[in-house]
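First comes the structure, then the notes that go with it.
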Amino acid sequence: MPGLENEIKRLTALGLHRRCVEGDIPRVAALTLEINRRKKERGAVICAHVYQTPDIILGIGDLVGDSYKLADDCRKSPAKTIIFCGVHFMAETAKILNPEKKVYVPSANAGCSLSEAITADDVKKLKAEHPGPPVITYINTSAEVKAESDCIVTSANAEKILRRMYEKHEKVIFLPDRFMGANLAKALGKTPGKDIILWNGSCVVHEKFDPGLIKVYRQRYPGLAVLAHAECPTELIREVDFMGGTGDMMRYVESTNAAAYLLVTECGFGELARLKFPAKNFIAMCRLCPYMKSITLDSVLALLQDPAAQEVTVPPAVAARAKKAIEKMFELAA
Ligand code: SF4
């Protein structure tokens, strides 16, 4: 089977035989070959978030990146069908920005603890309690919550957009991640409860990292650069060299030459960094996101065989309001 042999060679050249994949390379290659064939047949594009496994990102992903990049790439893609290997709110965002396209998520379990932490009614109540300040909402939320917001942010642009908001407003409401909100408040010299109203949401992956371990790793690995995602608790962020979104973290790794890197975020990101920079030294400290990891090559193939059940829809009235808030992000992040 020359097709399969070539696919095995392609995946091996990408280094996939060295990293965690769902099985041995011939099995992975048979799946990626079939998925890529069916994807082409349907004229579909596959978005892969950096928390997916390397076999998905490198084996079948066409558009790869963090939430911001994927949202931007989706609106620019000419494809009529989007298969989103990421969590549900990301696929909803793609649908909101591309109402004429079909959008699918290859798992019924691809939720997100942050997205589930707040409802549209919660936002309405909060606005009634704090009338006036703009509602700045992290992209990790449902379409209904976005529809109640003034501007969406991602970890890649939250600080920049908040700075711009504070040029016109003394106070903002930031939803729903309490840790990211507190980290941003600290970076901007603002006081939670006074200048920035926060919600009590958190990410089940990032909230559990132990800040005490950073000192231990620094002693063990001299010259270590510690990078953490902005969803981590503030006590941990105090100990790191760099806080940001995954896109910024990857650029930091690319542009520096530390003796070793500790990437405090979801494991898929570290896997990708190791493949991109094989000569650099990465120290393992990561946690798996159960929602992201509910997507596998098998589930993508199953979707391509029977897509109807996993189509993502957003009521047009909700989508129209949510789109305004997302477009505000693109305007302010530019
Ligand atoms: S890593 Fe956290 S924020 Fe990201 S999808 Fe998983 S639960 Fe949600």
Side-chain angles (χ1 to χ4, degrees), residues 20 47-54 56-57 61 64-71 74 83-95 103 105-119 122 136-146 149 152-158 174-184 198-210 227-234 236-237 243-250 263-273 284-296 299 310 312 329:
C20 78
C47 291
H49 188 267
V50 291
Y51 290 166
Q52 295 291 298
T53 47
I56 290 178
I57 295 178
V64 175
D66 57 14
S67 308
Y68 181 77
K69 183 173 182 299
L70 290 178
C74 278
I83 298 174
F84 216 110
C85 294
V87 291
H88 194 262
F89 74 79
M90 296 177 181
E92 264 189 352
T93 306
K95 181 66 185 175
V103 179
V105 178
S107 164
N109 299 317
C112 168
S113 65
L114 273 173
S115 179
E116 286 151 25
I118 190 162
T119 65
D122 292 329
I136 315 301
T137 298
Y138 191 28
I139 198 163
N140 298 32
T141 42
S142 66
E144 287 76 10
V145 167
K146 288 186 176 77
S149 307
I152 304 306
V153 297
T154 70
S155 47
N157 56 40
F174 181 83
L175 310 171
D177 188 338
R178 68 178 189 276
F179 293 124
M180 184 184 277
N183 292 333
L184 288 165
L198 301 178
W199 188 252
N200 201 23
S202 61
C203 160
V204 289
V205 173
H206 293 93
E207 71 179 349
K208 295 203 178 84
F209 286 113
D210 177 0
L227 287 67
H229 194 278
E231 290 164 12
C232 290
T234 314
L236 185 142
I237 295 296
M243 170 194 87
T246 50
D248 303 309
M249 288 165 78
M250 199 64 95
L263 306 174
V264 188
T265 187
E266 211 276 346
C267 302
F269 179 74
E271 289 296 330
L272 188 60
M285 176 166 162
C286 70
R287 295 178 57 82
L288 292 168
C289 171
Y291 307 104
M292 287 281 182
K293 266 31 186 196
S294 69
I295 295 170
T296 61
S299 73
Q310 283 152 301
V312 174
M329 169 183 77

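Every number for a ligand or one of its atoms is a count from 1 in the order of the listing. Basis for what follows: all heavy atoms, side chains included, without hydrogens, waters or symmetry-related copies.
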Step by step, work out the disulfide (SG to SG under 2.5 Å) result for Cys74 and Cys47. CA-CA 8 Å; Cys74 278; Cys47 291; 3.4 Å; no

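Across all non-hydrogen atoms, the minimal contact from Phe89 to Thr141 is CB-O, 3.4 Å.
Annotation for ligand 1: atoms under 4.0 Å from non-hydrogen atoms of Ser113 are 7 (S). Listed by number with element, the atoms of ligand 1 under 4.0 Å from a non-hydrogen atom of Cys112 are 3 (S), 5 (S), 8 (Fe). Atoms of ligand 1 found under 4.0 Å from any heavy atom of Tyr291, numbered from 1 in the order shown, are 7 (S). The Asn140 neighbourhood of ligand 1 comprises atoms 3 (S), with distances under 4.0 Å to a heavy atom of that residue.
Side-chain atoms of Ser115 and Asn140 form no donor-acceptor pair, as typed in the model, at a separation below 3.5 Å.
Counting protein heavy atoms only, atom 4 (Fe) of ligand 1 is closest to Tyr51 CE1, 4.0 Å. For atom 6 (Fe) of ligand 1, the closest heavy atom belonging to the protein is Cys289 SG, 2.4 Å.
At a 4.0 Å cut-off, not a single heavy atom of Glu266 sits close enough to ligand 1 to count as contact.
The shortest distance between side-chain heavy atoms of Ser155 and Met180 falls below 4.5 Å.
Distance check for Cys203 against atom 2 (Fe) of ligand 1: an N/O/S atom falls below 2.8 Å.
Expressed to the nearest 0.5 Å, how far CD1 of Ile139 lies from OG1 of Thr154 amounts to 6.5 Å.
Put simply, the residue from His206, His229, Arg287 that forms a side chain to side chain donor-acceptor pair (under 3.5 Å) with Thr265 is His206.
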